[in-house]
Asks: 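This is the structure I have questions about; it appears just below.
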Amino acid sequence: MAMDDLILVSRPAPGVQQITLNRPSRLNALNPGLIIELTKQLDELVRADDIKVVVLTGAGRGFCSGADLSGEVFPTGVEGDPNRHWTAVQSWYSGVIAKLRRIPQPVIAAVNGPAVGGGFSIAMASDIRLAAPEAYFSAAQINIGQSVSEMGASYLLPRIVGGRATEILMTGRRMQADEAERIGFVSRVCSDGVVDAALEVAQVLAAKAPLALRMSKEALNASQEIGSLEAALAMEDRTQVVCVLSQDLAEGELAFREKRKAVFSDVPAVV
């Protein structure tokens with residue numbers, strides 16, 4: 001893609017797609033064009049069986065600074081009706097979060113700088129989070145009169161960090177990378193290059209059986225909604241049976257016995 005595109009898409013390794021938010025002069029703030037392009041890309045990933053893992057990062061020195069407040073109007077088609085217009089705008093923004101959770105590929109957020117407002121939520125919605133030492137996270141919208149209960153923040157952050165979420169969200173303060181690692185919001189702080197570290201993790205995941213990888217993401221997401229251990233066990237039983245019936249399990253077991261690296265199929269076909 002050309003450098004003036006709002007997102008850059010590349011294939012840095014087999015089975016891995018890197019998506020880079022590309023508005024570095026605005027710390028990759030979310031304007032209508034970027035939201036629309038990112039939404040299209042996520043829709044394509046639903047059908048992309050050859051992509052096993054996604055790495056999401058930002059160009060320049062920022063991950064994503066949240067909504068662009070420069071005043072650019074989102075093309076909803078109902079701009080003359082404030083209630084309908086802003087309802088439509090919010091659905092575009094929240095739709096990004098839903099799609100990040102819905103795509104079958106695990107998403108690794110390589111947080112290379114500020115992740116603020118909607119950018120914080122995008123990091124929350126990712127399956128794995130790695131941070132550069134200079135990264136920080138903030139629900140800064142509370143500081144300008146907006147609620148922090150947007151783009152999944154009130155749902156996702158408490159499930160990631162527990163009771164600390166309320167203080168982090170309602171104060172709008174900066175959570176630096178070292179604190180984010182300490183409380184378990186990010187897996188680790190990567191001083192030698194967060195994108196390179198994310199790509200290393202992505203290649204580890206991409207080497208797994210594609211069906212097992214996708215079913216694992218589906219099960220982990222579903223477990224957040226399940227209200228009992230019994231229901232979780234039933235869901236996990238179904239997941240395991242699907243994997244047991246796949247050709248990849250037979251290959252994995254044979255490779256284990258032969259003490260060699262398994263050669264899994266390229267697509268997550270279900271038999």
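Only heavy atoms go into these numbers, but all of them, side chains included; no hydrogens, no water, no symmetry mates.
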Asks: Other than L254, which residues form its hydrophobic cluster under the rule that side-chain heavy atoms must be closer than 4.5 Å?
Replies: none

Asks: Would you say R23 and N28 are linked by a side-chain donor-acceptor pair, where the criterion is simply a distance under 3.5 Å?
Replies: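 Distance-only check fails for N28 and R23.
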
Asks: Please name all residues satisfying salt bridge (charged side-chain N to carboxylate O under 4.0 Å, His left out) with K208, sequence neighbours left out, ordered by chain then number.
Replies: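 Not a single residue meets the salt bridge (charged side-chain N to carboxylate O under 4.0 Å, His left out) criterion with K208.
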
Asks: Strictly by side-chain hydrogen bond (donor to acceptor under 3.5 Å, both in side chains), give each pair with a member in residues 6-19 just once, sequence neighbours left out.
Replies: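 The answer is R11-D50, Q17-Q41, Q18-T20.
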
Asks: Just by modelled atom types, is the L8 backbone N or O under 3.5 Å from a matching donor or acceptor in the D5 side chain?
Replies: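 Such a contact is absent between D5 side chain and L8 backbone.
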
Asks: Rounded to the nearest 0.5 Å, how far does CD1 of I142 lie from CG of L169?
Replies: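 The distance works out to 9.0 Å.
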
Asks: So do the side chains of L30 and V96 get within less than 4.5 Å of each other, counting heavy atoms only?
Replies: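 No, too far: nothing below the 4.5 Å cut-off.
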
Asks: Below 3.5 Å, can you tabulate the donor-acceptor pairs from side chains in residues 109-120 to any protein atom, sequence neighbours excluded?
Replies:
from: N112; atom 1: OD1; to: T57; atom 2: OG1; distance (Å): 3.3
from: N112; atom 1: OD1; to: G58; atom 2: N; distance (Å): 3.4
from: N112; atom 1: ND2; to: G58; atom 2: O; distance (Å): 3.0
from: N112; atom 1: ND2; to: G60; atom 2: O; distance (Å): 3.1
from: N112; atom 1: ND2; to: G62; atom 2: O; distance (Å): 3.2

Asks: Can you pull out every side-chain hydrogen bond (donor to acceptor under 3.5 Å, both in side chains) where at least one residue sits in residues 225-245? Sequence neighbours excluded, please.
Replies: Y155-E225, E218-R238

Asks: Among residues at least two apart in sequence or on other chains, which ones pass salt bridge (charged side-chain N to carboxylate O under 4.0 Å, His left out) with E251?
Replies: R260

Asks: Could you tell me the separation between the CG atom of L6 and the CD1 atom of I35, rounded to the nearest 0.5 Å?
Replies: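 Output value for this atom pair is 10.5 Å.
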
Asks: Any salt bridge (charged side-chain N to carboxylate O under 4.0 Å, His left out) involving residues 186-206? Give me the pairs, sequence neighbours left out, ordered by first then second residue.
Replies: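 Sorted pair list comes back empty.
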
Asks: Residues two or more places apart in sequence or in another chain: which of them pass salt bridge (charged side-chain N to carboxylate O under 4.0 Å, His left out) with E179?
Replies: R173

Asks: Residues in side-chain contact (heavy atoms from CB on, under 4.5 Å) with D178, at least two apart?
Replies: Q176

Asks: Test question: given the 4.5 Å side-chain rule for I, L, V, M, F, W and Y, name all other residues clustered with L229, or answer none.
Replies: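 In the cluster with L229 are L233.
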
Asks: Taking side-chain contact (heavy atoms from CB on, under 4.5 Å) as the definition, give me every residue that meets it alongside S70, ordered by chain and number, with sequence neighbours left out.
Replies: R26, D68, E72

Asks: Hydrophobic side-chain clustering at under 4.5 Å (ILVMFWY, transitive links): who's grouped with L130? Put none if nobody.
Replies: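 Cluster partners of L130: V16, V53, V55, I108, I128, V194, V195, L199, V201, L205, L213.
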
